[in-house]
K.L.:
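This is the structure I have questions about; it appears just below.
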There are 2 protein chains.
Amino acid sequence: MGTVRPDAQRRAGRPPQGVLSRTRITGAALELIDEAGYDGLTMSALARRLKVAPSALYNHAASKQEVLRWLQDHVMTMVDFSAFATEPWADAVRSWAWSYRGVFARHAPLVPVIAVLPVTDAADTLRMYEEVARGFLAAGWPEDRVVPAIVALESFIYGSALDVSAPSDIFDSGALAGEFPLFTSAVRSSTGSGGNAADAAFRAGLEGLITGLDKQLAD
Amino acid sequence: MGTVRPDAQRRAGRPPQGVLSRTRITGAALELIDEAGYDGLTMSALARRLKVAPSALYNHAASKQEVLRWLQDHVMTMVDFSAFATEPWADAVRSWAWSYRGVFARHAPLVPVIAVLPVTDAADTLRMYEEVARGFLAAGWPEDRVVPAIVALESFIYGSALDVSAPSDIFDSGALAGEFPLFTSAVRSSTGSGGNAADAAFRAGLEGLITGLDKQLAD
DNA sequence: ACCTGAACACCGTTCAAGT
DNA sequence: ACCTGAACACCGTTCAAGT
């Protein structure tokens, strides 16, 4: 009764100072994802966390897709590409790729978003590409083959990030096992050796790619 | 008035013979996707095309996710893996991978679905894995390394399928170009050489993977 | 310029009623 | 067993009204 509640309703109209910004929206989105996953990331939930009406978000972001783009650019800053400044090419690629996959395994729903996403104005993403390109050039890669090689590595990384979230029994052939004996047995013998299946596949593919790309360069 | 229209309304109650089935639903979904893309694939639109009420679909599929699973298994039959029966390992992998990427580039929204998708009861998918596994074993691969190698190739293929739908100016650094000179120049020199950028990256990565995996096997 | 509140056009899914 | 029709609980987004 007459007491001012700590988070009193804001009434309509322009507030004394802006309460929203790209930074605040991105930060709230990230918290929401950590707590409730990507299913929990709705414009309503985002607004609730920021203590605004859902429609207020549209004064800053043109669409939910734009929020996802901000998120992608921010998440990219979590990828560690520092090895390109110090390590030989193969070691730098290896440590960058493992970090990159780890980050996007926790943000798998961003992977399909990235594919359709122009890098324009994604400054943090460009910062990474610049440094990676520098590493490739320093290792003697011809300029016109740098981008295809990076894209090839990224395609493998994104596909592998999706694979991390696969259930461990994804290759359980169930009742049909009898019809597909070779594959069923191969699945059994690969899981039998212990360790994470997704990690084993990523290691095999990454080492293969590094070796193969290096050999392409030498020829 | 009183004339029987060709597609008269069906009244409630069990129809004389079933009008829906996994096969008919999958077929209609595929037609819908061809005409209107994955955005057009809603349960309502699917029901309309099958001339039933949306709720009727739930007598056959537990959810839209299950329809997508049927679709994935069907789409897998479009992948050509016949080369494993006749060609040497490297050639077979090459032709299978290009076919696989081509099919899923046209069905990119299925890619994230596949990741979470157990293969159980997906008979057509298992048929492919069985034949691919046979090819690897015949080429001398030790049984416990067959599945990781296949998964690595698939991760690359899925990531590359997403990359195909990327806009061609995806790496246009726009106003920020001046800050990232090495990458900007590398992008220019790789697109300058003409040809499809996604194809060049896929070729580079696939040839690298084939070479690298083959070398792993030899060691 | 930037907020609220009400509304809109969807979406996937459930369920009682019917045969 | 398997359909219809009505309903439910969301979703992203728009827009007039307010400061």
Side-chain angles (χ1 to χ4, degrees), chain A residues 4-5 7-26 28-29 32-33 36-72 109-110 112-113 116-117, chain B residues 4-5 7-29 32-33 35-72 109-110 112-113 116-117:
Chain A
V4 177
R5 295 177 315 160
D7 55 349
Q9 283 274 100
R10 190 173 19 251
R11 64 191 205 293
R14 184 184 190 184
Q17 72 235 28
V19 290
L20 291 181
S21 65
R22 168 168 167 168
T23 306
R24 282 210 64 212
I25 292 172
T26 306
L32 207 51
I33 290 160
Y38 276 84
D39 284 348
L41 180 63
T42 67
M43 296 300 267
S44 284
L46 192 52
R48 200 177 314 125
R49 176 170 288 264
L50 290 160
K51 298 187 195 298
V52 296
S55 52
L57 295 168
Y58 291 88
N59 289 306
H60 300 264
S63 63
K64 182 176 179 179
Q65 187 71 13
E66 181 156 37
V67 175
L68 291 176
R69 220 177 307 151
W70 293 346
L71 214 39
Q72 180 273 335
L110 286 182
V113 171
V116 195
L117 216 73
Chain B
V4 177
R5 295 177 314 159
D7 54 349
Q9 285 273 99
R10 193 174 13 252
R11 63 192 205 290
R14 183 185 191 185
Q17 72 236 27
V19 290
L20 292 181
S21 64
R22 169 170 168 168
T23 307
R24 281 211 65 211
I25 292 171
T26 306
L32 208 51
I33 290 160
E35 289 174 20
Y38 275 84
D39 284 348
L41 181 62
T42 68
M43 295 300 265
S44 283
L46 192 52
R48 200 176 314 123
R49 175 170 289 263
L50 289 161
K51 297 186 196 300
V52 295
S55 52
L57 294 168
Y58 291 87
N59 289 306
H60 300 264
S63 63
K64 182 177 180 178
Q65 188 71 12
E66 181 156 38
V67 174
L68 292 176
R69 219 176 309 150
W70 294 346
L71 214 41
Q72 180 274 335
L110 285 182
V113 171
V116 195
L117 216 73

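Quick note on labels: first sequence line is chain A, next is B, and so on, each numbered from 1.
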K.L.:
From CD of B:Q65 over to P of C:dC11, roughly how many Å is that when rounded to an integer?
P.N.:
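So the CD-P distance, B:Q65 to C:dC11, works out to 18 Å.
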K.L.:
Closest nucleotide of DNA chain C for B:P15 versus for B:A62: which of these residues is on the 5' side?
P.N.:
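Comparing both residues, the 5'-ward one is B:A62.
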K.L.:
Which residues pass the side-chain contact (heavy atoms from CB on, under 4.5 Å) test with A:R49, not counting sequence neighbours?
P.N.:
A:A28, A:E31, A:L32, A:E35
K.L.:
Whole angstrom is fine here: how far is it from CZ in B:R24 over to C1' in D:dC3?
P.N.:
14 Å
K.L.:
What pairs of nitrogen or oxygen atoms, one from the protein and one from nucleotides 4-8 of chain D, lie under 3.5 Å apart?
P.N.:
{"from": "D:dT4", "atom 1": "OP2", "to": "B:A53", "atom 2": "N", "distance (Å)": "2.6"}
{"from": "D:dG5", "atom 1": "OP1", "to": "B:Q9", "atom 2": "NE2", "distance (Å)": "3.4"}
{"from": "D:dG5", "atom 1": "O6", "to": "B:S55", "atom 2": "OG", "distance (Å)": "2.4"}

K.L.:
Using side-chain contact (heavy atoms from CB on, under 4.5 Å) as the criterion, list what pairs up with B:P15, not counting sequence neighbours.
P.N.:
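Residues passing side-chain contact (heavy atoms from CB on, under 4.5 Å) with B:P15: B:R10.
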K.L.:
With a 4.5 Å limit on heavy-atom distance, are the side chains of A:L68 and A:L117 in contact?
P.N.:
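Side-chain contact under 4.5 Å: no.
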K.L.:
Does A:H60 place a side-chain N or O at less than 4.0 Å from the phosphate oxygens OP1/OP2 of C:dA1?
P.N.:
no
K.L.:
Apply side-chain contact (heavy atoms from CB on, under 4.5 Å) to B:S63 and list each qualifying residue two or more places apart in sequence or on a separate chain.
P.N.:
B:Q65, B:E66
K.L.:
Dot-bracket for DNA chain C, please. Rules: Watson-Crick or G-U, both distances under 3.5 Å, ( ) within the strand, [ ] when a pair crosses earlier ones, | for another strand, . otherwise.
P.N.:
||.|||||...|||||.||
K.L.:
Atom CZ of B:R22 to atom C1' of D:dC2: distance rounded to whole Å?
P.N.:
19 Å
K.L.:
Rounded to the Å, how far apart are A:L20 CG and C:dC2 C1'?
P.N.:
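So the two atoms are 9 Å apart, to the nearest Å.
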K.L.:
Would you check if B:V67 and B:L57 make a side-chain contact, meaning some heavy-atom pair closer than 4.5 Å?
P.N.:
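Heavy-atom side-chain distance check fails, nothing below 4.5 Å.
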K.L.:
Whole angstrom is fine here: how far is it from CG in A:L50 over to C1' in C:dC2?
P.N.:
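Atom-to-atom, A:L50 to C:dC2, this comes out as 14 Å.
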K.L.:
Can you tell me how far apart CG (A:L71) and NZ (A:K64) are? Round to the nearest 0.5 Å.
P.N.:
10.0 Å
K.L.:
Can you sort out the partners of B:R22 under side-chain hydrogen bond (donor to acceptor under 3.5 Å, both in side chains), two or more places apart, ordered by chain and number?
P.N.:
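Checked B:R22 against side-chain hydrogen bond (donor to acceptor under 3.5 Å, both in side chains); matches are B:D73.
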K.L.:
From CG of B:L46 over to C1' of C:dC10, roughly how many Å is that when rounded to an integer?
P.N.:
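About 17 Å, once rounded to whole Å.
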K.L.:
Per the ring pair (Phe, Tyr, Trp, His ring centres under 6.0 Å) rule, what does the pair list look like for residues 35-61 of chain B, sequence neighbours excluded?
P.N.:
B:Y38-B:H107
K.L.:
Looking at residues at least two apart in the chain, or sitting in another chain, which of them share a side-chain contact (heavy atoms from CB on, under 4.5 Å) with B:T23?
P.N.:
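side-chain contact (heavy atoms from CB on, under 4.5 Å) check on B:T23 returns B:S21.
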K.L.:
Expressed in angstrom and rounded to an integer, what is the separation of B:Y58 atom OH from C:dA16 atom P?
P.N.:
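The distance from OH of B:Y58 to P of C:dA16 comes to 17 Å, rounded to the nearest Å.
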K.L.:
How many whole angstroms separate atom CG of A:D39 from atom P of D:dC11?
P.N.:
10 Å
